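One structure below.
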Amino acid sequence: MQVTLSALLAKASAEFVGLQSRADFEAAKARYVGPNGELTALMKQMGAVPKEQRPALGKLINEAKGQLQGQLDAALARISSAEIAAQLGPSIDPTLPSPDAGPGTSHPLTLVREEMCRILRKAGFAVVEGPEVETEYYCFDALSTPADHPARDAQDTFYFPAQARFGNISKKVAEEKYLLRTHTSSVQIRTMLKGEPPLRVVSPGRVYRRDTSDATHSANFHQIECLYVDKNVTVRDLKALLDYIFASLLGKNTKTRFRSHYFGYTEPSFEVDLSAQHLPKVNKEWIEIGGCGMVDPAVFDGVGYDSTVWTGYAFGMGLERLAMLMYGIDDIRYFYQNDLRFLKQFT
Amino acid sequence: MKISRNWLKQYVALDASVDELKRAITLLGFEVEGVINTGLPPLAQVVVGEIKTREKHPNADKLSICTVDVGLAQGGVRTIVCGAPNCAVGNRVPVALPGAILPGNFKIKESKIRGQASAGMLCAADELGLTGSASGLLILAADAPIGVALNEIMPEGDTVFDLEVTPNRPDALSHIGMARELAAWFRRPVEFPATTFRGITNEVLRPDILASVRVEAPEDCPLYFGLGLTGVKVGPSPAWLQERLQAVGLRPINNLVDVGNYVMLELGQPLHIFDAKKIKGQQLVVRRAVEGEILLTLDGKERILSAHMVVIADAAQPLVIAGIMGGANAEVEAPTTDIVIEAACFRPQSIRGTAKRLGLASDSSYRFERGVDPHGTVAAAYRAVDLIQATAGGTVVGPACLVGGDQTWTREIIVSPDYIRERLGFYISDEEMRGALEALNLIIVAAVARPPAVDWTVKIPSYRTDLDRPIDLVEEVLRIYGTDRVPPALAIGPALADGDDDPIAIFNRQVTAYLVGQRFHEVVNYTLRSRQELATWVSDTAAAELALANPFVDDQSHLRPTLVLGLLAALKLNQSRGVPATQLFETGRVFMELNGTVQEYLGAAFLLCHNPKERSWLARSAPDFYTVKQHLMILAQQAGIDWASAELRPISGAGWGWQAGHAAVAGESSIGWSVCGGLLDLSMVRAAGVEGTVWAGMLAILPEKLTSSTGHRRYQPFGLFPTVLRDLALVVEAARSAEEVRRALLGIAQASTGSAFAIEAVEIFDVYQGQGLPEGKKSLGFSLSFRSQERTLTDDEVNAVFTKIQQQIVADGSITVRA
């Protein structure tokens, strides 16, 4: 028995050293210590061994079993490490570039728009939206644009054919024509008609002018407009809002100035100049940034607000112009070419 | 409009610097688009001096030390260091004395130049703001009086401002108009030109010059005044007149024409001067043109007139396109001796329409389009009489023909100073307001106490037709007070409860955040695209429905029905510039037809390009339809679309650029939203000049269908007991959609579990077609997970249900269970 045991141990050791895979290991383990294993078979013979030899023999078998188990454990550890090594593969070279794409980017016009909305949100302005296809009433009439005003000319405004029908754009009168809005002020009218004062809204959006495209003009561009309607709104409140906006957007050393101007839907009306010589490519003391004014009583009357009770202000400006100023961009067409070398610069 | 400073100074004393004037004009509301300086600007402390001695500077090769006599009043002879080569002894030159400020804000001080004291500067032409050679001093005449201010011996310089006048201010389209404004700003009086002619007193009737005027179109010509002069002598204008016109960019023609232009630029009233001998029948008729009538205008072009245009005609033919331009047939020329002066008012809309139709604009039409004050019309004719008589002689003859022109004008606005303060939001005293208004000739003719307030009655002059409400006077007060003096304040206001952002803005923000996070780059394309592109990529119907009436350029003639075309164009541009681009997106409005009407949708679209030419040391798998599908699902969920009930249907037909069999669509226009996506047609993409394989997806939803917040979410308990999984492979027709089979299986599983426990999910984990399966069949492997909320399930109960499911799923014969 002892001889058999030694032979078995020697054979097992030799086999275990050569085990390469988990399957081989499991097979080998079964061959020796499994229910039908060779060692298990020897142990089963214990019953036939004379009683007095049993303790010694039992000890031998236990020792052999311990040895086998130790060797099995070692083999398993060896196989596991090999498996992990195989799973890992060669070491990485951390200097190689990732093949995955870099971060996505928001368009600079989106960034500027969202920044403006964020600033205005702090001042209590909520975003409102309106259609880009508009009618003459919302784009012109309601804003006191005279019937023969040049802005309405087919030379300056894109119109749709008389038979064009837009299902989800409401008309004020049946015979008015559809057009592409020339400013986001139409949204103010729709907002006032839909809601009740007081109102504090900002309408960012795309507008259209029938114009030659060049470094500073584009067939479509974007505006952002604020409208505040409440009791006792003053010129000073408007100036305070503009000072707040531009100090937030461009830094505390930015100054604003009102210049008298004319818009049909505000009275008094102003153009807003900025003094912001810390910005790139700004080489003038004052640069024009937008238009504003106190909502004309006639506009309130038109939307059914009592103009003896309600007052308000409106302010609008071009997003492209603002972005060009902020980032020092010198050609408006870059916004629409979508060269990734341009787009990736702003996020 | 160009305004000359010297000309303005005829009417108002302006001693302000160019910069101060520019600021005043700007803040008054007239944008200064350009400033042109001519001649010598006003320069204090710049005088004539004579170089007495010249020595070389001991420390500098190119400098000289000169002694210069600037006259006893300026301290006699002084020493000045000079760098010019021509500072020769005996030359009389301009000397800038200490204290002088030269153009460019260059201040002259006593100083030491390389160790030598210098009490002033000898000046070159450019240093004085004159154009001319910069090399050397400006050498003055040998008899230029020493010590006299340079401005006294040099021709007067001028500054011309190019202004933008807003359409509400036609009264400012003249030198008098701007003089009124600047006089108000600087609080100076305006001196109007003195007119000696005050109308015909001893009427000499000469009906052979002008017998009568007949106005047949009174609605288009509310006022017409014609007056004859005989014995005028046509010739060049005097120098002063030529100078005024040239300063503002007009070419002098002859004294008569020049006077006409001068009066227009002075008073804002355009005039016309006829050669009386060329008026057939000696009657002027203001009438509508006959359709097709032709007039050769002074610019040498034949104008074909139409019936809504107004002309001034004689018995035979039109002579003038009213208010716009004269005809060559009544032009004043050298032999002219008898003339008729026309001063009239025309309806702005009529002039604007005609000028636009003819593509013909003039200084005259520019003013009539905006509105000319009829109360100044006759006075302007009188002013012209004065100037013609002064420059061309002549005698006024009758009859003076005045037609129309109701001369009454009264307009008063009642406003209280408190109202003005309330609108402004800051304090300006009553006195200051009154001062501002009256500076503008807005006279407070009555003040009625309404304790504690007071109401002012403000009289509005006839030329300020833009003022008719109290709010208009708020602007006038502020203009003169100074729009740059609005005091600062904090931006504060009451919080508004319903002030939530529009769902459109929230949706765009969410989509952008998601796609940027997925490494897409946002692009922005024009809304307008070409007809050809729409016809090629979308459909001929779309091209017809989405056309503009008046496109500006051919390639931007139609609304976009899809954002994908713009994305593809952006991809192409980047490829053509060698810039790697793989993932792009855009949000924006798109326009699609539904039941004969076009709808404006919100769109969000993305594009993925796999370009095998773009190599990488480590390969990544290419995107595929299911990449697109996942993005679409997330966009749809952000739009509030119930994706679980949306059916993605394969796209098999042509149109919209999808590759048949490799793209799908869900939703449709009629329910207000659609999503589509997949592979773009390989051959079309190649034909468009784009490299690689391109996938795209787009969501379009009507703004009114967008639901942003779904309100508060409520917690749902989730099972804590383990799931039991069973796998089932089903063999079906290859064409059958996996989702349909899955739903069938799910339905049966739900019915089979009943209320005992739940089938938690039925998910596809394998799709197989090929060896081992019959032709035209595929195998779908499903994993079914069962769970109870109350206990651990036993194998037996799950097996019982699973067996039931397997029996029922094959019941209709279209499905078999794969062994």
Side-chain angles (χ1 to χ4, degrees), chain A residues 96 99-107 109-110 123-124 126-129 131-133 148 154 158-161 164-169 198 200 206 210 219-220 228 230 232 234-237 239-241 243-244 257-262 267-268 270 294 297 335-341 343, chain B residues 26-29 166 168 349 352 423-426 471-472 474-475 478-479 483-484 486 488-491 493 495-496 499-502 504-505 512 515-516 519-528 548-550 552 556 570 573-574 577 579 581-583 589 594 597-600 616 618 620 702:
Chain A
L96 279 167
D100 298 330
T105 53
S106 284
H107 195 278
L109 291 175
T110 300
V127 177
V128 289
E129 297 266 352
E132 292 179 9
V133 169
D148 63 339
F158 288 115
Y159 283 92
F160 290 93
R165 296 282 172 274
F166 286 87
N168 59 341
I169 293 148
R200 204 165 330 139
R206 178 169 286 204
R210 199 171 173 277
N220 66 237
Y228 177 36
D230 207 334
N232 303 316
T234 68
V235 172
R236 190 181 188 178
D237 295 332
K239 180 69 163 51
L241 175 82
D243 284 341
Y244 160 74
R257 175 180 82 169
F258 280 171
R259 227 172 348 102
S260 271
H261 199 70
Y262 172 73
E267 181 74 32
F270 311 101
M294 308 307 292
F335 291 113
Y336 296 92
Q337 284 174 353
N338 301 310
D339 189 316
L340 283 175
R341 293 167 298 175
L343 297 177
Chain B
T26 304
L27 289 176
L28 280 164
T166 49
N168 60 324
Q349 292 83 344
R352 197 176 305 148
R423 295 280 75 78
L424 292 175
F426 58 94
I471 192 74
D472 299 328
V474 174
E475 175 156 30
L478 185 55
R479 261 183 353 111
T483 50
D484 59 338
V486 178
L490 286 175
L496 300 175
D500 212 349
D501 286 349
D502 192 292
I504 296 173
T512 303
L515 288 170
V516 168
R519 304 174 198 203
F520 285 85
H521 298 285
E522 187 184 11
V523 302
V524 168
N525 285 289
Y526 294 118
T527 302
L528 298 174
L548 285 171
N550 60 336
F552 190 63
Q556 297 192 346
L573 176 121
N574 280 287
R577 293 182 176 180
V579 181
T582 52
Q583 300 205 127
R589 308 295 166 94
L594 169 66
T597 67
V598 177
Q599 311 277 335
E600 180 172 330
S616 171
L618 183 60
R620 289 284 193 252
L702 292 177

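Proteins come first, then strands; the chains are lettered A, B, ... in the order of their sequence lines, and each starts at number 1. No experiment lies behind these values; they were computed from the predicted model shown.
Chosen from B:Q583, B:Q556, B:R577, the residue pairing most often with chain A at heavy-atom distances under 4.5 Å is B:R577. Interface summary for chain A: among B:T26, B:D484, B:V579, B:L424, the most heavy-atom pairs under 4.5 angstrom belong to B:L424. Interface remark: of the candidates B:L702, B:V523, B:L618, B:L478, B:V523 forms the most heavy-atom pairs closer than 4.5 Å to chain A. For the set A:I169, A:N232, A:T110, the count of heavy-atom pairs under 4.5 angstrom toward chain B peaks at A:T110. Note on A:R257, A:R165, A:R210: by heavy-atom pairs under 4.5 Å with chain B, the leading option is A:R210. Annotation: maximal heavy-atom pairing with chain A below 4.5 Å, among B:T582, B:T166, B:L515, occurs at B:T166. The most heavy-atom pairs under 4.5 Å with chain B, out of A:P131, A:P297, A:S106, A:S260, come from A:S260. Looking only at heavy-atom pairs under 4.5 Å with chain B, the residue among A:Y244, A:Y262, A:F258 that has the most is A:Y262.
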Next on the checklist: Go through it in stages, so that I can follow the logic: the residues are B:I504 and B:R589, the test is side-chain contact (heavy atoms from CB on, under 4.5 Å), and I'd like the CA-CA distance, side-chain angles, deciding distance and then a yes or no.
Outcome noted: CA-CA 11 Å; B:I504 296 173; B:R589 308 295 166 94; 4.2 Å; yes
Next on the checklist: Does A:M294 form a side-chain contact (heavy atoms from CB on, under 4.5 Å) with B:V474? I'd like the steps, not just the answer.
Outcome noted: CA-CA 10 Å; A:M294 308 307 292; B:V474 174; over 6 Å; no
Item to check | B:N574 and B:H521: CA distance, side-chain angles, deciding distance, side-chain contact (heavy atoms from CB on, under 4.5 Å) verdict | outcome: CA-CA 12 Å; B:N574 280 287; B:H521 298 285; over 6 Å; no
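When heavy atoms are compared at a cutoff of 4.5 Å, B:I471 approaches chain A by way of both its backbone and its side chain. Looking at A:A123, neither its backbone nor its side chain comes within 4.5 Å of chain B, counting heavy atoms on both sides. Contact annotation for B:N550: both backbone and side-chain heavy atoms come within less than 4.5 Å of a heavy atom of chain A. When heavy atoms are compared at a cutoff of 4.5 Å, B:T512 approaches chain A solely by way of its side chain, counted from C-beta outward. Both the backbone and the side chain of B:Y526 come within contact range of chain A, each with at least one heavy atom under 4.5 Å from a heavy atom of that chain. Only the side chain of B:L573 comes within contact range of chain A, judged by heavy atoms closer than 4.5 Å. Only the side chain of B:R620 comes within contact range of chain A, with at least one heavy atom under 4.5 Å from a heavy atom of that chain. Only the side chain of B:S616 comes within less than 4.5 Å of a heavy atom in chain A; its backbone stays farther off. Only the side chain of A:L343 comes within less than 4.5 Å of a heavy atom in chain B; its backbone stays farther off. With a 4.5 angstrom heavy-atom cutoff, B:V524 touches chain A via backbone and side-chain atoms both. In this structure, no portion of A:D237 lies under 4.5 Å from any heavy atom of chain B. Of the two parts of A:F166, the backbone and the side chain both hold a non-hydrogen atom closer than 4.5 Å to a non-hydrogen atom of chain B.
Across all their heavy atoms, A:R236 and B:A489 have their closest contact at NE-CB, 3.7 Å. Nearest heavy atoms, A:V127 versus B:A505: CG1-CB, 3.5 Å. Between B:D502 and A:V128 the shortest heavy-atom distance is CB-CA, 4.1 Å. Closest approach of B:L548 to A:P161, counting heavy atoms only: C-CD, 4.1 Å.
B:R423 and A:E267 are not joined by a salt bridge, as no carboxylate oxygen comes within less than 4.0 angstrom of a charged side-chain nitrogen.
Using bins of under 30°, 30° to 60° and over 60° for the plane-to-plane angle, the ring pair A:F335/A:H107 lands in the tilted bin.
With hydrogens and angles ignored, the 3.5 Å screen pairs a side-chain donor or acceptor of A:N220 with a backbone N or O of B:T527. Remark: the backbone N or O of A:V133 is paired with a side-chain donor or acceptor of B:E600 at under 3.5 angstrom. With A:R200 contributing its side chain and A:Y228 its backbone, the two residues share no donor-acceptor pair below 3.5 Å.
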